[in-house]
Amino acid sequence: MHQKTREQFLARLQPGVVIIPAAHEATRSNDTEFPFRQDSDFQYLTGFPEPDAIAVLRPGHEKPYVLFVRPKDREREIWTGIRAGVHGAVDEYGADEAYELGEWETKLPELLRGNRRVYVKLGHDAAVDEAVIRTIADLRRRGRQGVEAPSEVIDPAPILAEMRLFKRDEEVGILARACDISVEGHLAAMRQTRPDMNEYEVQALVEYEFRKRGASAPGYGTIVAGGANATILHYVENNRPLRDGDLLLIDAGAEFGAFTGDITRTFPVGKKFEGAARDVYQVVLDAQHAALKASKPGSTLDDVHNAACRALTQGLVELKVLEGDVEELLREHAYRPYYMHRTSHWLGMDVHDVGAYVRDGEVRSLEAGMAFTVEPGLYFHGDTAAPAHFHGIGVRIEDNVLITPDGHRNLTAGVPTGIAEIEALRGEG
Ligand code: GLY
Ligand code: MN
Ligand code: MN
């Protein structure tokens with residue numbers, strides 16, 4: 001898959017040399033690191049799982065794929081795990097040539113010379129940027145000796161983003177698996193959550209299901225937000241007790257094979273949706289149905305968002321939170337105090353995945369192979385003008401969809417959204 005990706009990527013470039021750095025480890029405290037997560041573009045092109053590596057791609061060259069990797073090191077490997085080394089980079093990961101990272105700066109001049117163009121992700125890795133710029137300057141000084149220095153530096157990120165926006169069949173399979181695992185985590189929480197549990201216990205339930213089913217990690221910080229915590233969009237403390245009578249909002253996705261799901265469900269801490277919470281939930285559910293209906297080829301993410309905003313506005317009028325003509329209220333964005341985020345973002349290797357939303361000044365049309373979220377919500381902070389019985393209610397419903405030639409496939413439909421279906425599950429466990 002990665003070899004095919006490299007070929008498709010290089011076919012989109014003009015002749016030149018491409019430099020793609022891997023991610024580095026990040027310190028968590030003193031001498032311990034956060035779990036390593038590979039850079040998505042590097043992962044996409046190489047599948048090489050180690051930190052600090054650098055891929056050099058040379059379209060048209062007889063050895064087009066060069067990898068610089070951490071050296072084998074018996075002592076380090078005893079402490080922190082086996083490294084592929086230069087032989088593994090070639091034998092297991094398909095590099096045409098591999099070198100130890102220590103050789104990177106000495107090899108760089110010969111890799112760059114004779115190329116008019118260098119493709120390098122700018123502002124991404126300061127050490128790589130600096131090495132490339134310094135090497136170009138050095139080569140330029142040697143012009144009288146017949147050395148041809150690159151004269152164009154091009155950021156390949158938009159090209160990679162455009163490729164990653166369209167999920168190929170293998171990638172759809174992996175994304176769907178990430179979504180399936182995410183579904184299982186949400187189902188477990190929906191079945192097993194009980195009043196007086198703490199938010200962190202529910203987080204543990206969800207993440208246990210993820211890991212048990214082979215997810216590498218959550219694709220982003222799991223949000224388990226009881227009651228008014230749900231009105232904080234990216235609440236991550238997850239440390240308050242749950243109270244009967246409140247709603248619980250869970251926004252969590254499993255990462256599998258470097259793709260992630262991104263699901264939100266909101267359900268009662270008790271067994272039933274009641275009172276104002278039930279009314280608000282129904283409005284968000286109607287908005288979600290309207291937004292899903294607009295998710296098809298030829299629509300745009302603006303159409304999806306507008307469908308959600310129209311339904312939310314209608315609902316807010318029915319709830320007597322807003323007053324007036326729906327069209328007029330829509331034009332004034334009167335829903336904004338209660339719905340302050342967009343309805344969709346691209347989804348893939350990054351939860352907020354790469355891909356241009358606008359092209360040539362126009363919101364682009366949806367096409368088969370694009371994957372994104374549909375996630376309307378309503379959030380009533382205590383300081384809004386809404387009647388007091390709404391204060392502290394936060395509801396979001398988020399599904400992951402893939403555009404198909406004749407509509408969309410909802411990859412996360414396995415977790416119910418309907419009130420009756422959710423209440424049925426709340427009785428299980
Ligand atoms: N979990 C982040 C988001 O829904 O965008
Ligand atoms: Mn989410
Ligand atoms: Mn999302």
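In each ligand, atom 1 is the first atom listed, and ligand 1 is the first ligand listed. Hydrogens, waters and symmetry mates are skipped; everything else that's a heavy atom, side chains included, is used.
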The Mn ion (ligand 3) neighbourhood, protein N/O/S only, threshold under 2.8 Å: Asp262 OD2, His345 NE2, Glu375 OE2, Glu398 OE2

Considering only residues two or more places apart or on different chains, which pairs with a residue in residues 32-51 satisfy salt bridge (Lys or Arg N to Asp or Glu O under 4.0 Å)? Arg37-Glu255, Asp39-Lys121, Asp41-Lys121, Asp41-Arg164, Glu50-Arg70

Pair [X], [Y]: side-chain N/O donor-acceptor within cut-off below 3.5 Å:
| X | Y | answer |
| --- | --- | --- |
| Tyr200 | Glu237 | no |
| Glu7 | Gln3 | yes |
| Arg396 | Tyr379 | yes |
| Ser40 | Asp350 | yes |
| Thr231 | Asn229 | no |
| Tyr220 | Asp262 | yes |

Does this structure show an ion pair linking Glu375 with Arg342, if we count only N-O contacts that are shorter than 4.0 Å? no

Strictly under 4.0 angstrom, heavy-atom based: which residues surround ligand 1? Tyr220, His234, Asp251, Asp262, His345, His352, Glu375, Glu398

Results of side chain to side chain donor-acceptor pair (under 3.5 Å) for Arg359 - residues two or more places apart only: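 With neighbours one apart ignored, the set is Glu162.
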
